[in-house]
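Remarks on the structure that follows.
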Amino acid sequence: MKNIKNILVLLAITLSVFNCTDDYDESIEGSGEAGFLVDVSTQSSGALLGSPESGVDLADAAVTLAETALDLNVILTEGDLSSVSSVEVTKQINNGTTVVVGQSTTLPLNVTLNTIAEFLEGSGLTEADLRIGDVVKFVVQVTKTDGQVYQFNSTGRFNLTINCSYDLAGTYVMTNAVCASSEIVEITQNSDGSWAVTHGDGGLLDFCSTNDITNPGTFDVGCGGVVSADNYDGGTAYCTSNGIGCITGGSWDQASGVLLLNNTNTFFTWAASSYISTYVRQ
């Protein structure tokens, strides 16, 4: 799977002002410093997927990469570039050497990388240095006409994490340990590599209660088929508002096509505080 969790809300952003010698740790609140707002995550996608060396601890195992891709789009969402000298996209691997990979005086700005050599260029690293969990960070920075340079901290960032390759997309039969419901649901992939499921709570809210409300969610799958803690969209999911069906972990079996999600419940008194939801690919 493509693992990159960077779903961002288009609110007021934080900018970092820096020069050639500092550590980028001085923050300025608000968008006025750059003069404009951007969106990167919602229209960008990428993947760094591979297989770790067998018989070696994951932290030490070399990675054979099978899929390497980046299609990053910097979109202007507010303001203008009248006081901007250039907009750049920089790349860092594990917070190492910063390399400019795209530059323009106008927006939108598109950056595409298709090979591991392109990802590694300028980093001082080779493919043999890479490990599962390594992060490639892309950041939008702005050079103003007065020479001041700013770096976006929020909507101008996009990360890719090297991960194991899994494919969960498809139609599933969903059941849960709370009620006898058996339903057909869909799992699709988000642009950041996480997975979206139409019912992230096993159907607890929609099919086990008297409510006719879906409770969608998103989650990530790491090496060994381990499902990460829940990554719900708070605007649509009832996990964040009422504690219904929060995903706290689980497992994925690529061979059998079986996904198990560990869910919690802090709302309904008639259901257990934790339960398992099962998704079987058809």
Side-chain angles (χ1 to χ4, degrees), residues 2-48 68-114 118-125 129-130 133-162 190-194 231:
K2 296 175 282 188
N3 186 8
I4 244 326
K5 295 193 296 183
N6 198 17
I7 306 293
L8 298 168
V9 182
L10 296 179
L11 300 173
I13 61 174
T14 301
L15 297 168
S16 296
V17 59
F18 60 93
N19 56 43
C20 295
T21 59
D22 66 25
D23 294 323
Y24 317 129
D25 57 1
E26 182 181 353
S27 294
I28 296 178
E29 297 294 330
S31 61
E33 300 294 344
F36 64 96
L37 295 176
V38 298
D39 172 35
V40 172
S41 66
T42 60
Q43 300 195 41
S44 300
S45 61
L48 285 172
T68 57
L70 173 73
D71 182 14
L72 186 146
N73 293 282
V74 183
I75 308 298
L76 179 68
T77 61
E78 184 178 315
D80 62 68
L81 278 63
S82 58
S83 62
V84 172
S85 176
S86 68
V87 180
E88 299 175 336
V89 175
T90 66
K91 171 193 69 181
Q92 278 185 302
I93 301 178
N94 294 335
N95 295 317
T97 303
T98 299
V99 181
V100 175
V101 293
Q103 181 174 318
S104 178
T105 58
T106 62
L107 292 176
L109 168 61
N110 173 257
V111 175
T112 58
L113 302 178
N114 296 302
E118 291 175 320
F119 276 93
L120 291 170
E121 185 176 3
S123 68
L125 302 174
D129 297 317
L130 300 178
D134 286 350
V135 177
V136 185
K137 178 172 61 178
F138 298 91
V139 180
V140 179
Q141 67 181 35
V142 183
T143 301
K144 304 293 288 294
T145 52
D146 62 3
Q148 197 74 45
V149 181
Y150 298 93
Q151 191 176 67
F152 284 93
N153 274 355
S154 181
T155 55
R157 298 194 175 217
F158 192 83
N159 293 344
L160 286 177
T161 302
I162 298 177
N190 298 312
S191 64
D192 68 346
S194 61
N231 177 33

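We number each residue from 1, following the sequence as shown.
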Flag the pair Pro108 / Asn73 as yes when at least one side-chain heavy-atom distance between them is below 4.5 Å, and no otherwise.
-> no
Heavy-atom distance under 4.5 Å between the side chains of Leu130 and Phe119, does that happen here?
-> no
With rounding to the nearest 0.5 angstrom, report the [atom1] to [atom2] distance, [X] to [Y].
{"X": "Thr97", "Y": "Leu125", "atom1": "OG1", "atom2": "CG", "value": "7.5 Å"}
{"X": "Leu70", "Y": "Glu118", "atom1": "CG", "atom2": "CD", "value": "9.5 Å"}
{"X": "Leu160", "Y": "Ile93", "atom1": "CG", "atom2": "CD1", "value": "10.5 Å"}
{"X": "Ser85", "Y": "Gln148", "atom1": "OG", "atom2": "CD", "value": "12.5 Å"}
{"X": "Leu120", "Y": "Leu113", "atom1": "CG", "atom2": "CG", "value": "10.5 Å"}
{"X": "Leu81", "Y": "Thr145", "atom1": "CG", "atom2": "OG1", "value": "11.0 Å"}

Under the side-chain contact (heavy atoms from CB on, under 4.5 Å) criterion, do Val87 and Val140 qualify, and how do the steps go?
-> CA-CA 7 Å; Val87 180; Val140 179; 3.7 Å; yes
Where the side chain of [X] meets the backbone of [Y], is there a donor-acceptor pair that is under 3.5 Å apart?
{"X": "Thr161", "Y": "Val135", "result": "no"}
{"X": "Thr68", "Y": "Asn114", "result": "yes"}
{"X": "Asn110", "Y": "Leu72", "result": "yes"}
{"X": "Thr112", "Y": "Asp71", "result": "no"}
{"X": "Asn94", "Y": "Gly96", "result": "no"}
{"X": "Thr77", "Y": "Leu37", "result": "yes"}

Where do [X] and [Y] come nearest, in terms of heavy atoms and distance?
{"X": "Gln103", "Y": "Val100", "value": "OE1-CG1, 4.3 Å"}
{"X": "Lys91", "Y": "Glu121", "value": "NZ-O, 2.7 Å"}
{"X": "Val38", "Y": "Thr155", "value": "O-OG1, 2.7 Å"}
{"X": "Asp134", "Y": "Asp129", "value": "OD2-O, 4.0 Å"}
{"X": "Val99", "Y": "Ser123", "value": "CG2-N, 4.3 Å"}
{"X": "Gly156", "Y": "Val40", "value": "CA-CG2, 3.7 Å"}

Evaluation steps, side-chain contact (heavy atoms from CB on, under 4.5 Å), between Val142 and Phe36 = CA-CA 10 Å; Val142 183; Phe36 64 96; 3.5 Å; yes
Step-by-step ring pair (Phe, Tyr, Trp, His ring centres under 6.0 Å) determination, Phe152 to Phe158 = CA-CA 11 Å; Phe152 284 93; Phe158 192 83; over 10 Å; no
Begin with the C-alpha distance, continue with both residues' side-chain angles, and end with the deciding distance and a verdict on side-chain contact (heavy atoms from CB on, under 4.5 Å) for Val84 and Lys144.
-> CA-CA 4 Å; Val84 172; Lys144 304 293 288 294; 4.3 Å; yes
